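Reviewing the structure listed below.
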Amino acid sequence: MITEHAVAQTAVKWSALPDLPDQQGFAGMYAGVSNDALIAMGGANFPDKYPWEGGKKKWYDDIYVLKNGSTWVKAKEKMPFPGGYGVSVSYKNKVILVGGSHENGHFRHVKGYEWDGKKVLYSDYPDLPITLANMGGGLLGDVIVVFGGNESPAGSALKKCYGLDLTDLSAGWLELEAWPGPERIFPVCSFYKGQGYMFGGETVGFNSKKEKFRSILLDSYRMTLEKSARGWTAHWEELASMPRGMSAGGSLLPVLQDKFLFWGGVDAVTAQYRNPATHPGITKSLLYYFPETDSWEYIGEQNKILSRVTLPVVFFQDQWFYVSGEVKAGIRTPTVVGVR
């Protein structure tokens with residue numbers, strides 16, 4: 001186990017699970033827990049050449065299962081089609097995959113996967129109302145909620161929020177009230193004491209020359225869901241701005257007792273780096289957000305483990321695990337890192 005005390009009174013304890021059995025690793029995987037097994041699936045990488053060398057991105061349909069917390073195996077079963085960059089939630093021993101993308105664009109499909117100890121079982125859920133990837137989201141009680149994203153690889157960021165009540169699948173997906181801020185892709189999320197939290201992400205900005213740039217957002221919101229005879233209603237509250245922006249970070253954000261941990265993600269400085277071949281990597285800073293007091297704390301840097309982007313974070317065996325991800329532009333890692 002790797003342990004590093006960033007600040008004595010606010011230490012984060014770091015650990016590791018076995019690497020995924022793939023030399024490169026993947027960005028944009030789905031992951032969750034089913035019958036005490038950690039499952040990771042899908043995602044994408046550049047298997048032959050880096051993107052700046054003309055390499056082609058490849059999406060995968062493989063399913064990996066971590067048995068007994070010690071050995072990854074590749075299941076005989078596969079996803080119905082390759083995919084990644086959607087939302088995944090764990091619910092009643094199923095890992096539910098919501099939306100995502102593949103080489104032909106974005107898709108609407110929602111699928112469930114369950115590990116029965118020997119094989120992966122499949123189930124179908126109502127499709128999203130639109131094709132959607134690069135969004136944030138998670139599970140709030142019995143309701144899957146998703147925030148933002150876009151409908152196609154070149155599509156504009158959306159100001160949309162959808163919910164699926166898993167106790168009333170016949171109702172399908174509902175469009176919920178959106179947050180009182182700009183559209184976005186790649187926000188990061190967490191859930192705490194029956195409320196949802198959405199932070200940052202990015203949209204397209206325009207400079208004085210009308211040229212586009214990546215605008216990394218600093219805004220934060222808390223969402224409360226309320227059910228009435230007319231259905232579900234979302235109520236939003238704007239929170240203290242982030243000390244630094246974060247887009248495409250690991251999500252869900254780990255909840256460490258009474259605080260959320262922010263590690264990795266693209267900030268405004270990293271977003272402006274122009275040469276992917278010499279990319280310096282992802283910011284090393286560590287932040288806490290305290291939902292009870294709506295306040296932030298900078299606790300230092302993680303200098304021993306590479307920060308990452310575009311990856312799922314899953315609660316498993318009393319820790320939060322960052323599963324694979326991207327450590328530089330076009331470069332993945334197969335490592336699985338835990339915090340508590």
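Just so you know, these numbers come straight off a predicted model, no measurement behind them.
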Checklist entry - Residues two or more places apart in sequence or in another chain: which of them pass ring-ring contact (aromatic ring centres under 6.0 Å, His included) with Y322? => result W263
Checklist entry - Where is the tightest heavy-atom contact between S307 and G264, given as atom of each residue plus distance? => result CB-CA, 4.0 Å
Checklist entry - Would S152 and N150 count as having a side-chain donor-acceptor pair, cut-off 3.5 Å? => result no
Next on the checklist: Between Y162 and I130, is there a side-chain heavy-atom distance shorter than 4.5 Å?
Outcome noted: yes
Checklist entry - Would you say L97 and I144 are hydrophobically clustered, going by side-chain heavy atoms of ILVMFWY under 4.5 Å? => result no
Next on the checklist: Check this for me, if you would: do R214 and E202 make a salt bridge, where the nitrogen-to-carboxylate-oxygen distance has to be below 4.0 angstrom?
Outcome noted: yes
Next on the checklist: If only side-chain N and O atoms count, and only distance matters, is there a donor-acceptor pair under 3.5 Å linking Y91 with D142?
Outcome noted: yes
Next on the checklist: Between K227 and D165, is the salt bridge (charged side-chain N to carboxylate O under 4.0 Å, His left out) condition met? List the steps.
Outcome noted: CA-CA 11 Å; K227 190 174 186 180; D165 186 344; 3.6 Å; yes
Item to check | Exercise: do T224 and Q195 side chains pair donor with acceptor under 3.5 Å | outcome: yes
Checklist entry - Between K58 and D48, is the closest basic N to carboxylate O distance under 4.0 Å? => result no
Checklist entry - Are any non-hydrogen side-chain atoms of Y30 and V98 less than 4.5 angstrom apart? => result no
Next on the checklist: If you compare all heavy atoms of F316 against all heavy atoms of L38, which two are closest, and at what distance to 0.1 Å?
Outcome noted: CE1-N, 3.8 Å
Checklist entry - Going by the angle between their ring planes, with limits at 30° and 60°, are Y64 and F26 parallel, tilted or perpendicular? => result tilted
Checklist entry - Hey, mind stepping through E237 and R222 against salt bridge (charged side-chain N to carboxylate O under 4.0 Å, His left out) and telling me if it holds? => result CA-CA 5 Å; E237 176 186 3; R222 176 164 46 217; 3.0 Å; yes
Item to check | Donor-acceptor pair, side chain of S34 and main chain of W115, under 3.5 angstrom | outcome: yes
Checklist entry - For G330, does its backbone N or O pair with a side-chain atom of E326 as donor and acceptor, under 3.5 Å? => result yes
Checklist entry - Has the side chain of S220 got a donor or acceptor atom that lies under 3.5 Å from a matching backbone atom of A240? => result yes
Item to check | Side chains of L261 and V12 in contact at under 4.5 Å (non-hydrogen atoms) | outcome: yes
Checklist entry - Should F107 and F81 count as side-chain neighbours, where that means a heavy-atom distance under 4.5 Å? => result yes
Checklist outcome for this item: Residue pairs passing the salt bridge (Lys or Arg N to Asp or Glu O under 4.0 Å) test with at least one member in residues 184-200, sequence neighbours excluded, are R184-D219, K193-E292
Checklist entry - Does CG in N35 sit with more than 12 non-hydrogen atoms of other residues, nucleotides or ligands closer than 6.0 Å? => result yes
Item to check | Trace of the side-chain hydrogen bond (donor to acceptor under 3.5 Å, both in side chains) decision for R244 with S285 | outcome: CA-CA 9 Å; R244 69 164 176 87; S285 66; 2.7 Å; yes
Next on the checklist: Do M79 and D62 have side chains that approach each other closer than 4.5 Å (heavy atoms only, starting at C-beta)?
Outcome noted: no
Next on the checklist: Between K160 and E175 (salt bridge meaning N to carboxylate O under 4.0 Å), is one present in this structure?
Outcome noted: yes
Checklist entry - Could you walk me through whether L66 and L17 pass the side chain to side chain contact (heavy atoms under 4.5 Å, CB included) check? => result CA-CA 9 Å; L66 185 69; L17 288 174; 3.7 Å; yes
Next on the checklist: Side chains of Y273 and T278: any donor to acceptor distance under 3.5 Å?
Outcome noted: yes
Next on the checklist: Tell me whether the rings of F260 and Y289 are parallel (<30°), tilted (30 to 60°) or perpendicular (>60°).
Outcome noted: tilted
Checklist entry - Can you name the closest pair of heavy atoms from G84 and W59 and give their distance? => result N-CD1, 3.8 Å
Item to check | Side chain W236, main chain E177, donor-acceptor under 3.5 Å | outcome: yes
Checklist entry - Can you list the steps and then say if D267 with M246 is a side chain to side chain contact (heavy atoms under 4.5 Å, CB included)? => result CA-CA 5 Å; D267 63 7; M246 186 175 187; over 6 Å; no
Checklist entry - How far apart are the C-alpha atoms of E238 and W179, what are their side-chain angles, what is the distance that settles it, and do they pass the side chain to side chain contact (heavy atoms under 4.5 Å, CB included) test? => result CA-CA 8 Å; E238 188 165 5; W179 57 96; over 6 Å; no
Checklist entry - Quick one: do M41 and V73 end up in the same hydrophobic cluster if we chain Ile, Leu, Val, Met, Phe, Trp and Tyr together by side-chain heavy atoms under 4.5 Å apart? => result yes
Checklist entry - Between F321 and V337, is a side chain to side chain contact (heavy atoms under 4.5 Å, CB included) present by the stated rule, with each step listed? => result CA-CA 5 Å; F321 286 98; V337 175; over 6 Å; no
Checklist entry - Do V143 and F191 share a hydrophobic cluster, counting only Ile, Leu, Val, Met, Phe, Trp and Tyr and linking them when any side-chain heavy atoms are less than 4.5 Å apart? => result yes
Checklist entry - Is it true that a side-chain atom of W232 and a backbone atom of L225 form a donor plus acceptor pair closer than 3.5 Å? => result no
Checklist entry - Are L311 and V336 connected, step by step, through hydrophobic side chains (Ile, Leu, Val, Met, Phe, Trp, Tyr) whose heavy atoms are closer than 4.5 Å? => result no
Next on the checklist: Regarding T233 and E226, do their side chains bring together a donor and an acceptor under 3.5 Å, going by distance alone?
Outcome noted: no
Item to check | Short side-chain donor-acceptor distance under 3.5 Å, S324 and R332 | outcome: no
Next on the checklist: Do Q319 and S15 pair up side chain to side chain, a donor and an acceptor below 3.5 Å, judged on atom types alone?
Outcome noted: yes
Next on the checklist: Would K259 and Y288 count as a cation-pi pair here, with the cationic atom under 6.0 angstrom from the ring centre and within 45° of the axis?
Outcome noted: yes
Item to check | For the student: nearest non-hydrogen atoms of G265 and I282, plus distance | outcome: O-CG2, 3.1 Å
Checklist entry - Any donor-acceptor pair under 3.5 Å linking the side chain of T310 with the backbone of A248? => result no
Item to check | Exceeds 12 heavy-atom contacts within 6.0 angstrom, atom OH of Y50 | outcome: no
Next on the checklist: Quick check: closest heavy atoms across S241 and W296, and the distance to 0.1 Å?
Outcome noted: O-NE1, 3.1 Å
Checklist entry - Mind checking whether L166 and Y125 have side chains closer than 4.5 Å, heavy atoms only? => result yes
Item to check | Test: D124 and K111 ion pair at under 4.0 Å | outcome: yes
Checklist entry - Atom CG in L287, atom OH in Y298: separation rounded to 0.5 Å? => result 8.0 Å
Next on the checklist: So E301 and T283, do their side chains get closer than 4.5 Å, heavy atoms only?
Outcome noted: no
Next on the checklist: Within the 3.5 Å criterion, strictly below it, is a donor on D22 or Y60 matched to an acceptor on the partner's side chain?
Outcome noted: no
Item to check | Same cluster (ILVMFWY, side-chain, under 4.5 Å), M242 and V269 | outcome: no
Checklist entry - Do side-chain atoms of T335 reach the backbone of D19 as a donor and acceptor pair under 3.5 angstrom? => result no
Next on the checklist: Once you measure the plane-to-plane angle for W320 and F315, does it fall in the parallel (<30°), tilted (30-60°) or perpendicular (>60°) bin?
Outcome noted: tilted
Next on the checklist: Could you report the tightest heavy-atom contact between L218 and G245, atom names first, then the distance?
Outcome noted: CD2-N, 3.1 Å
Next on the checklist: When you compare the side chain of H106 with that of P153, does any pair of heavy atoms fall below 4.5 Å?
Outcome noted: yes
Checklist outcome for this item: Value for CD (E114) from NZ (K92), rounded to nearest 0.5 Å, stands at 12.0 Å
Checklist entry - Would you find a donor on one side and an acceptor on the other, under 3.5 Å apart, between the side chain of R308 and the backbone of L306? => result yes
